[in-house]
Engineer: 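One structure coming up, written as structure tokens, with questions to follow.
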Amino acid sequence: MTRLIGRDEPLGRVRGAIEQGGLVLVTGESGIGKSALLDVVLAQARRDGALVAAGSCWSSAGQTWPRLLRTLPGVPSTPGDGVDAVASGLVDLARRKPVVIALDDLDHADRTTVEVLSFLARHTRFEPVTLLGACATPEPDSALVPLFARARVIPLKGLELAHVRDLVVEVTGEAPDADVVAGIHRRSGGNPSFVDELARLWYTTGSTTAVTPAVRRTVRSWLDRLPEPVVRVLSAASVLGHDFHCDVLSPLTGDPVPRIQRLLDTALGLVVWQPDGRCRFAHGVVRDTLYESLDEAEVSRLHAAAVGAYERIPGRAGGRFPSEVAHHAYLAGTELDRSRTLKYLLAASRDPGRRLAPDDRIRHYRRALELVDDPHTRVKVALDLVHELRLAGADGQAWPMFHEAAALARELDDPELLARAALTLYRGPGGDGMMLAEAHTRLFGELSGKPAAPDLAGRIAEQIARLARSKGDDEALGFGLSARHDVIWGLGTAAERERLAGELAAVARRTADAEMEQYAADLRWVALLELGDPAYVDHMHRFIALAESTHGPRASAVAIADRSIVAALTGRFAEAEALLDELSRHSHPAFIAHHLHWTLLLQQGRFDELARFHEELGEDHPYRRLIEAITAVQAGDTAPAARYVAERPELPRMVTPLWLRLQAEVAVASEDPELRRRARAELEPHEGLWLVSLYGGDISGPVALWLAALDAAEGDWDAATSGFREAQRCADILGAVPWSLEARAGLAETLLLRGDVDAGRTLLAEVEHEATRIGMRRLVDRIERIRATQRKPDAEFRRTGEVWRLTFGGVTAHLPDAKGLQDLHSLLAASGEYVPAQRLLSTSLGPLPGADPVLDETAKANYARRITELDAVIERATHLGQEDRALAAERERDALLDQLRAATGLAGRTRRLGDEAERARKTVTARIRDTLRKLDTQHPELARHLRASVVTGTSCAYQPEKPVRWRL
């Protein structure tokens with residue numbers, strides 16, 4: 001090792017002790033890094049000018065002190081000449097420069113060496129002499145015990161996880177992933193020597209579970225120092241795993257718990273007591289070495305005894321430790337009845353609360369499949385395993401197993417099993433509906449028509465639940481209810497989903513299935529929120545309590561995500577962000593974490609961060625274009641959002657509410673009456689609900705808010721006022737502060753526009769204060785824009801009937817309607833933005849003025865006549881054998897045809913000079929120029945201002961040197 005890793009704190013303590021002098025002992029197990037620490041300390045002492053003498057007590061045979069003292073000038077080299085003389089020599093030498101004497105492997109020193117060290121420690125303690133020793137923590141009867149009473153003891157412990165990673169990188173040159181580091185840390189106990197060996201083994205073989213011979217020899221040397229009863233207890237404990245409970249260990253050894261505790265206390269630090277009363281092997285390699293030393297029969301016997309121990313201790317086998325019991329039952333082999341083992345494996349596979357990592361659940365399911373005999377049970381277990389494999393992202397393993405289970409279901413001629421298989425497929429990749437149709441036919445008879453796959457899946461799930469109720473089969477009922485919930489999920493189904501979740505919770509309580517109860521609570525709070533029911537809070541808190549009580553990794557991650565969603569919904573943005581940071585340290589789908597981060601940034605209007613977010617998102621979000629469009633329209637850039645809405649992309653039901661929100665926002669920002677009509681028609685059936693997407697991962701406000709915004713955009717002030725008040729009521733019921741503020745801001749703007757200025761301004765000030773307090777930057781900016789529109793305009797450009805009123809610089813003019821005035825009005829309304837000339841002409845019909853035909857009708861007639869003449873020339877020349885003349889005529893004929901093709905479009909229509917953009921440019925420019933010429937006489941100052949501010953071209957813009965507030 002080229003550098004000392006993770007030892008800054010003990011290194012500083014040893015250096016400080018050397019400055020003070022006296023006896024200093026560095027302690028720790030073999031390989032913990034005592035010698036490496038001494039090397040660094042002594043090298044620094046030499047650089048600081050101290051006299052250093054260092055040696056090892058390993059196999060010294062009485063020669064430690066003579067070898068060591070010979071390096072110190074003026075000090076007798078043999079303690080036999082008198083220890084007093086040695087002490088005096090050291091004192092004299094130390095008066096000239098500090099002296100450091102280091103003895104490594106002090107626990108192997110002979111009695112004489114220890115006695116001399118003790119004498120020197122007593123007689124040099126007031127001088128600049130440091131006696132530095134390194135050894136293991138001594139046993140109670142060791143000769144070193146008296147030294148520890150007068151020394152400064154600096155213990156070395158195992159490296160922390162981060163330092164283990166640094167050491168692995170140092171040794172291998174490769175950066176391991178977190179799982180590899182955790183495995184090496186657990187098995188090594190942070191012992192640097194073990195880390196070194198295990199890192200090299202991982203680098204060469206990819207294994208983090210093997211043990212090198214060197215590590216095994218070290219462990220055996222530790223165990224050889226222990227009394228036989230201690231090794232016997234530790235060997236039995238190794239069967240229980242890395243961590244174990246003494247009350248479970250006691251039946252395995254036959255020793256009472258107090259005796260086991262006393263024996264473990266003398267295990268030389270190989271076992272560590274945990275705060276919760278458990279014991280833990282300090283090094284996984286110690287546990288592995290002990291376990292490997294047991295013969296096969298003893299291993300089976302001890303695992304079977306462990307199952308019995310868990311069964312006899314209340315609460316252990318019944319739910320608190322299902323995975324441990326299943327593990328021991330499987331490894332007990334023939335020592336246990338097959339059905340008993342299968343019972344525990346299935347209980348662990350369906351682990352209440354999902355405390356287990358997915359790999360553990362999958363392992364238990366695979367082991368259960370090895371033992372299950374009943375083919376009907378085999379199909380159910382296999383389908384459950386397929387579900388777990390899919391959740392773990394192992395589709396390559398899942399689908400071959402699915403097809404095997406489906407084939408067995410068909411072979412058994414069991415309609416319900418086939419229905420389960422069809423729903424498993426549909427809830428996975430979706431399939432093409434063929435298997436759903438097959439299962440539906442088996443359950444209900446021949447199909448009539450061609451029902452859609454979602455309808456088939458919903459009916460099948462409902463039938464499974466109905467049959468399960470009639471049979472009293474809670475396992476099948478739980479499957480049917482959850483399947484029905486999943487396949488109908490979407491906007492407008494919340495009432496049925498809430499009922500399904502309630503029944504699922506009842507089944508869970510009836511069967512003491514904590515996982516199902518937790519799942520039902522999670523489903524229920526989302527459905528209640530969509531319904532606008534404040535009771536969602538109670539069910540959300542119940543879900544979180546259930547998830548936290550089980551300590552399952554998956555459930556914990558979901559609970560953190562849900563807490564973040566609700567914190568953001570209620571305006572506690574800092575809390576929501578902190579929870580997202582916590583979520584990043586858990587295993588959770590990246591797409592959901594990204595989406596929650598996006599919603600949080602969007603609600604606050606942090607558009608600078610959103611720009612970076614979208615740049616870095618890549619393909620990690622399956623609906624990337626959808627959320628990019630929403631961000632754009634919220635930022636005021638409606639063009640990309642409008643283009644996306646015009647595409648009408650196919651999206652799954654779980655994001656339909658997000659789509660409806662986007663469509664409404666674009667419709668409000670646009671002047672497209674058809675889009676507004678469609679947005680309203682698609683929202684109105686869901687009035688009274690909230691827009692909830694991604695199974696609760698996105699909450700886009702109450703439907704009432706977006707309907708009110710459409711009313712306001714159409715100038716229906718009464719409907720908008722009523723709608724915004726209803727949206728505020730919906731938000732306030734749920735405590736959704738940000739959405740309440742959005743509704744109140746819309747209401748304030750509506751009041752101002754309908755002339756209720758005092759009420760509008762008062763409400764706007766209240767919203768601004770609250771939005772500033774919770775950090776809704778975008779809403780604060782919107783309020784400023786609303787206020788700006790209420791200030792007295794600098795100028796006026798308005799049409800009343802067929803007459804335009806134009807006021808600028810205190811002068812007013814009236815002009816009759818003209819297309820150029822309409823063009824200018826559109827540009828003033830989009831101040832600062834470029835508007836395509838084609839958009840200004842979007843209502844024009846037929847050929848536009850200035851678009852001259854490429855060939856007029858006379859020219860086309862002349863071309864046709866000449867082509868007919870050339871046909872005759874070619875025919876006659878060919879008949880007379882005049883090939884050159886025929887070839888020349890053919891070339892002329894082909895050239896004329898090419899020109900005719902270029903001059904005509906579809907069905908022979910005349911093609912006109914210039915493309916549409918160019919024609920639009922010419923037309924709009926001419927119309928604006930003509931209007932400005934009229935203004936030269938009617939309103940010269942306004943004409944000068946517009947000439948200086950209006951840019952024309954294929955895109956046009958109004959860009960005044962100084963902002964002008966227009967009343968339009």
Side-chain angles (χ1 to χ4, degrees), residues 607 611 628-629 631-646 665-672 675 713 781-782 784-786 788-789 791 793-799 804-809 811 813 815 817-844 848-851 914-936 938-968:
F607 292 109
E628 284 175 348
T631 298
V633 76
Q634 286 275 303
D637 184 8
T638 58
R643 286 194 295 271
Y644 182 70
V645 167
E665 290 196 78
V666 172
V668 166
S670 74
E671 297 181 2
D672 184 346
L675 181 58
D781 292 341
R782 179 188 169 193
E784 179 55 35
R785 289 195 299 273
I786 293 172
T789 63
R791 299 187 187 109
D794 301 319
E796 184 178 17
F797 205 112
R798 287 199 308 148
R799 182 172 68 173
W804 287 82
R805 177 184 172 88
L806 311 178
T807 301
F808 188 82
V811 176
L815 272 71
D817 186 29
K819 290 188 182 296
L821 289 168
Q822 295 174 24
D823 297 335
L824 287 168
H825 182 268
S826 297
L827 295 178
L828 295 179
S831 179
E833 298 180 14
Y834 276 90
V835 180
Q838 288 175 269
R839 188 190 302 173
L840 298 173
L841 297 178
S842 59
T843 59
S844 297
L848 295 172
D915 59 17
E916 292 183 8
E918 174 61 17
R919 284 182 279 138
R921 180 193 68 78
K922 290 169 60 179
T923 302
V924 170
T925 300
R927 294 193 323 202
I928 291 176
R929 188 185 300 123
D930 182 59
T931 298
L932 293 179
R933 278 199 297 267
K934 293 177 183 178
L935 280 173
D936 283 335
Q938 299 292 323
H939 201 320
E941 187 178 356
L942 176 58
R944 285 193 297 271
H945 171 75
L946 292 175
R947 277 199 178 90
S949 306
V950 173
V951 178
T952 59
T954 54
S955 287
C956 307
Y958 171 63
Q959 297 177 326
E961 183 177 347
K962 294 180 180 179
V964 178
R965 292 190 299 274
W966 289 94
R967 185 182 183 191
L968 300 173

Engineer: From Asp823 CG over to Leu828 CG, what is the distance, rounded to the nearest 0.5 angstrom?
Structural biologist: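 One finds 11.0 Å between CG of Asp823 and CG of Leu828.
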Engineer: Heavy atoms only: give me the nearest Ala818-Trp804 pair and the separation to one decimal.
Structural biologist: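 Heavy atoms only, the tightest pair is N-NE1, 4.2 Å.
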Engineer: Distance check, rounded to the nearest 0.5 Å: Ser955 atom OG versus Glu833 atom CD?
Structural biologist: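 So the gap between those two atoms works out to 11.5 Å.
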Engineer: Can you establish whether the number of heavy atoms outside Tyr834 located under 6.0 Å from its atom OH is more than 12?
Structural biologist: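 Counting neighbours around OH of Tyr834, 12 or fewer heavy atoms of other residues, nucleotides or ligands fall under 6.0 Å, so no.
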Engineer: Would you call Val835 and Ser826 a side-chain contact if the rule is heavy atoms closer than 4.5 Å?
Structural biologist: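 No - every pair of side-chain heavy atoms lies 4.5 Å or more apart.
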Engineer: On a heavy-atom basis, which atom in Val666 and which in Ala642 lie closest, and how many Å separate them?
Structural biologist: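 It is CG1-CA, 3.9 Å.
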Engineer: Would you give the length of the straight line joining atom CZ of Arg798 to atom CG of Leu821, rounded to the nearest 0.5 angstrom?
Structural biologist: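 Arg798 CZ to Leu821 CG: 14.5 Å, rounded to 0.5 Å.
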Engineer: Taking all non-hydrogen atoms of both residues into account, name the closest pair between Ala669 and Thr638 and its distance.
Structural biologist: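 Minimum heavy-atom separation between Ala669 and Thr638: CB-CG2, 3.4 Å.
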Engineer: Going through the distances and angles, do Leu932 and Val950 end up as a side chain to side chain contact (heavy atoms under 4.5 Å, CB included)?
Structural biologist: CA-CA 11 Å; Leu932 293 179; Val950 173; 5.9 Å; no
Engineer: Evaluate the criterion side chain to side chain contact (heavy atoms under 4.5 Å, CB included) for residue pair Arg927 and Thr952; output intermediate values, then yes/no.
Structural biologist: CA-CA 11 Å; Arg927 294 193 323 202; Thr952 59; over 6 Å; no
Engineer: Nearest 0.5 angstrom please: Arg933 CZ to Ile928 CD1, how far?
Structural biologist: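 Going from CZ on Arg933 over to CD1 on Ile928, the span is 12.0 Å.
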Engineer: Carefully, step by step, assess Asp930 and Lys934 under the rule salt bridge (charged side-chain N to carboxylate O under 4.0 Å, His left out).
Structural biologist: CA-CA 7 Å; Asp930 182 59; Lys934 293 177 183 178; 3.7 Å; yes
Engineer: State whether the side chain of Ser670 and the backbone N or O of Ala667 hold a donor-acceptor pair below 3.5 Å, judged by distance alone.
Structural biologist: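 Yes; at least one donor-acceptor contact below 3.5 Å.
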Engineer: Taking all heavy atoms of Val924 and all of Ala837, pick out the closest pair and write down the distance.
Structural biologist: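 Where Val924 meets Ala837 most closely, the heavy atoms are CG2-O, 3.8 Å.
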Engineer: Just verifying a value: how many Å separate Gln838 CD and Glu918 CD, rounded to the nearest 0.5 Å?
Structural biologist: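 Going from CD on Gln838 over to CD on Glu918, the span is 10.5 Å.
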Engineer: Report yes if the side chains of Leu840 and Thr923 come closer than 4.5 Å at any heavy-atom pair, otherwise no.
Structural biologist: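 Heavy-atom side-chain distance check fails, nothing below 4.5 Å.
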Engineer: Write down the atom of Ser831, the atom of Pro960, and the distance for their closest heavy-atom approach.
Structural biologist: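 The pair with the smallest heavy-atom distance is OG-CD, 4.2 Å.
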Engineer: Which heavy atom in His825 sits nearest to a heavy atom in Phe797, and how many Å separate them?
Structural biologist: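 Scanning both residues, the minimum pair turns out to be CD2-O, 3.2 Å.
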Engineer: Side-chain atoms of residues 938-946: list all donor-acceptor pairs with protein atoms under 3.5 Å, sequence neighbours left out, distances to 0.1 Å.
Structural biologist:
| unit_1 | atom_1 | unit_2 | atom_2 | d |
| --- | --- | --- | --- | --- |
| His939 | ND1 | Leu942 | N | 3.3 |
| His939 | NE2 | Phe808 | O | 3.2 |
| His939 | NE2 | Val811 | O | 2.8 |
| His945 | NE2 | Tyr958 | OH | 2.7 |

Engineer: How long is the gap from CD on Gln822 to OG1 on Thr931, to the nearest 0.5 Å?
Structural biologist: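 Gln822 CD to Thr931 OG1: 9.5 Å, rounded to 0.5 Å.
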Engineer: Take atom CZ in Arg967; do more than 12 heavy atoms of anything else shown fall under 6.0 Å from it?
Structural biologist: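 At most 12 heavy atoms, drawn from other residues, nucleotides or ligands, come within 6.0 Å of this atom.
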